[in-house]
Asker: 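Below you'll find the structure I mean.
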Amino acid sequence: MSEESGTSRRSVLTGVTAALGVGAVAAVPGVALAAPAEPVRAPGATVRPGDPRYPELRTGNNQRFTASPEHIRLITSPEDAERAVRDAVAAGKRVSLRGGGHCFADFVCHREVEVILDVSPMNRVDYDPARRAFVVEAGARLSNVYETLFKNWNVTIPGGICYNVGVAGHVSGGGYGLLSRAHGLTVDHLHAVEVVTVGHGGQVRRVIATREPDDPHRDLWWAHTGGGGGSFGLITRFWFRSPGARGSDPSAQLVNPPSKVLVSAVEFPWDELDRASFGRLIANFDSWHLANSAPDSPFTRLSSLFNVSSKAHGGLGMFTQVDATAPGARQLLADYLAAITDGVGVTPRSAGRPIAEIGALPGYDVARELPWLQAARLVGTNNPTITNPTSRGAHKSAYMLAAFTPDQVDTLYDHMTRPDFTNPDTMLVLFSSGGQVNAVAPDATANAQRASAYKMCFQTFWERPEDDDFHLGWLRSLYSGFFKATGGVPVPDGQADGCYVNYPDNDLADPAQNRSGVHWSELYFKGNLPRLSRVKRRYDPTDYFRHAMSIPLR
């Protein structure tokens, strides 16, 4: 069923959804339908230069990027979102869209933006019995999503570890996390999305698009299952329900997290590693994930995050989580750790120092059993590097289908041990993928990378603007050298499978950095790009919603 909003009709709700205002509205072909009733929320504030909030709201989590908009519009409801877009269109203003503010690139805070539309005040999470789905407003952070879903209904979405990431960008880009090997991506559980769009002649409307096969707006839903944020319209709400869910019990409509998990955190000290043992450690991670990336792997309920830090940090850290209710859970963890350390000649230590972007976890070299939400808080709130609001950063990504070549391992070793590079807040994060992520066809969602064993995020953080050139130069040299056989980027070729859109990298659009001849959009979206462009032409035909790497109209 598809719905489009109007202003002349309203529906009245009862029960649990009255607080949020999510209800059933019958679809009438060709008729714009009323927005669901809810307690009236006043329009959000408009923050202009001179307002004490302006310096904070003109930038995001990456201090490399700062905008100078005429104002920032804080949005409080779907109706307010529609008004804000209509006002901006009528005034002819260039807009950008912000959810949680964690965008790695300049998609929100760029020089041309005149109005930032910020949905962060919209953060409600509730259950919609009419859709049998959980409704999450676009400004909600992963922290309150996990807390609310778990405490009220014992459900969750398989999202990321960083607690203050906003759902709008995370979900629309195909967000993933420690539960994804067991349950797939967040978008594999996305039932519907509400979007404010701008058509020909500046026509502004709200559209609810679902995954139902007969929904005339199903393509708009599909575009938000990995097509990235900021390309099609302003997202106001998501609804989540797992495919195949039955009955009316809310706790049966979405993923149930494990009641308890085993948590392990270890460090491999750099002073015990040389080129050969470093290579063996990386090869072991490669081999294990390649052997266990299938949906039927017995290890789907194990996920690991391996931070290959620079030598300046002092050690390489690995965080691993296993569903403690899985049969033989402790043995699964023991077998994994044995496979990673096989032949390396280094005994893992307690992670007394930060595991790169995750804080120190001393004492977890002996796995501990924790309630799931407590473990999610432990890793989610203990990440001082990635959440530091004063830092500057650069990030590059890749999906991997096959093992590193010896030359790639040497390139990584040489850069991480370079004598003149003394930044401890630098790492290559290797994050488990596969399992149920790979159970979905590449074209079933907009997220096309459905065969990889793990993801990679090359990243470094620093404080001072005068150090930009040095750190950017180091990261570009590493990434370009690592993928030199394919023009400096991870062209889908049997070893790599392109890039992750939620780790956006403007360098991919620079011929000096991307020498492959493959357009950046194909690195992110592969064969799904033509369909994404068709959706763009239908719902944003004037390219009103755009940024440096938004979906092209072509």
Side-chain angles (χ1 to χ4, degrees), residues 2-8 30-35 43-44 46 67 69-99 103 106-110 112-120 122 137-139 168-169 171-173 192-210 215-225 227-238 446 521 531-554:
S2 169
E3 300 177 12
E4 299 176 11
S5 72
T7 56
S8 60
V31 177
L33 301 181
T46 297
E70 296 176 8
H71 66 265
I72 300 101
R73 177 77 173 264
L74 295 169
I75 294 170
T76 59
S77 68
E79 293 84 0
D80 194 29
E82 191 172 340
R83 284 192 297 267
V85 173
R86 185 170 287 112
D87 290 346
V89 170
K93 300 300 182 182
R94 172 77 182 272
V95 302
S96 66
L97 314 179
R98 177 160 60 205
C103 184
D106 64 347
F107 297 172
V108 177
C109 301
H110 57 82
E112 297 177 7
V113 65
E114 296 170 303
V115 176
I116 295 177
L117 302 178
D118 188 328
V119 299
S120 59
M122 292 182 61
E137 290 188 325
V171 171
S172 61
V193 60
E194 182 180 58
V195 190
V196 180
T197 64
V198 177
H200 287 295
Q203 179 191 13
V204 177
R205 62 174 180 164
R206 267 185 292 145
V207 180
I208 295 178
T210 77
D215 185 345
H217 297 293
R218 190 177 191 276
D219 271 357
L220 185 62
W221 163 84
W222 179 88
H224 287 85
T225 61
S231 283
F232 306 99
L234 177 59
I235 301 167
T236 57
R237 293 181 288 190
F238 297 103
S521 56
R531 184 177 176 187
L532 285 167
S533 291
R534 289 196 297 272
V535 178
K536 174 76 168 177
R537 291 193 295 271
R538 178 180 175 189
Y539 291 95
D540 187 27
T542 67
D543 202 23
Y544 185 74
F545 297 101
R546 64 191 187 277
H547 51 69
M549 304 182 86
S550 52
I551 298 296
L553 282 168
R554 63 177 176 87

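For the numbers below, each heavy atom of this structure counts, side chains included, while hydrogens, waters and symmetry mates do not. Small disclaimer: the values here were computed from a predicted structure and weren't measured.
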Asker: Enter the distance from Glu137:CD to Phe238:CZ here, rounded to the nearest 0.5 Å.
Answerer: 11.5 Å
Asker: Hey, does Thr210 have a side-chain heavy atom less than 4.5 Å from the side chain of His217?
Answerer: no
Asker: Please identify each residue that fulfils ring pair (Phe, Tyr, Trp, His ring centres under 6.0 Å) with Phe545, with sequence neighbours left out.
Answerer: none
Asker: Mind listing the closest non-hydrogen atom pair of Ala88 and Val95 along with its distance?
Answerer: CB-CG1, 3.6 Å
Asker: Can you see which heavy atom on Ser120 is nearest to which on Gly99, and at what distance?
Answerer: CB-O, 3.5 Å
Asker: List in chain and number order the residues that pass ring pair (Phe, Tyr, Trp, His ring centres under 6.0 Å) with Tyr544, two or more places apart in sequence or in another chain; answer none if no residue qualifies.
Answerer: none
Asker: Of all residues at least two apart in sequence or in a different chain, which pass the side chain to side chain contact (heavy atoms under 4.5 Å, CB included) check with Val113?
Answerer: Ala67, Ser96, His110, Ile116
Asker: Just verifying a value: how many Å separate Ile208 CD1 and Asp215 CG, rounded to the nearest 0.5 Å?
Answerer: 10.0 Å
Asker: With sequence neighbours left out, which residue pairs that include part of residues 545-554 fulfil the salt bridge (charged side-chain N to carboxylate O under 4.0 Å, His left out) condition?
Answerer: none
Asker: Do Val119 and Thr236 have side chains that approach each other closer than 4.5 Å (heavy atoms only, starting at C-beta)?
Answerer: no
Asker: For residues Ile551 and Lys536, report the shortest heavy-atom separation together with the two atoms involved.
Answerer: O-CE, 3.4 Å
Asker: At their closest point, which heavy atom of Ala209 faces which heavy atom of Trp221, and how far apart are they?
Answerer: CB-N, 3.5 Å
Asker: Report the distance from atom CG of Leu532 to atom OG of Ser550, rounding to the nearest 0.5 Å.
Answerer: 11.5 Å
Asker: Rounded at 0.5 Å granularity, tell me how far OG1 in Thr197 sits from CD1 in Ile235.
Answerer: 12.5 Å
Asker: Pairs in or reaching into residues 84-99: which pass salt bridge (charged side-chain N to carboxylate O under 4.0 Å, His left out), with residues at least two apart or in two chains?
Answerer: Glu70-Lys93, Arg73-Asp87, Glu82-Arg86, Arg94-Glu112, Arg98-Asp118
Asker: Can you list everything that forms a side chain to side chain contact (heavy atoms under 4.5 Å, CB included) with Pro43? Sequence neighbours excluded, please.
Answerer: Asp80, Arg83
Asker: Distance from Thr76 atom OG1 to Leu74 atom CG, nearest 0.5 Å?
Answerer: 9.0 Å
Asker: Can you name the residues that form a side chain to side chain contact (heavy atoms under 4.5 Å, CB included) with Arg531, not counting sequence neighbours?
Answerer: Arg218, Asp219, Trp222, Arg534
Asker: Between His547 and Gly230, which heavy-atom pair has the shortest distance, and what is it?
Answerer: CD2-O, 3.8 Å
Asker: If you define the side chain from C-beta out and look only at heavy atoms, does anything of Tyr539 sit under 4.5 Å from Arg205?
Answerer: yes
Asker: What are the two closest heavy atoms between Leu117 and Ile75, and how far apart are they?
Answerer: CB-CD1, 3.9 Å
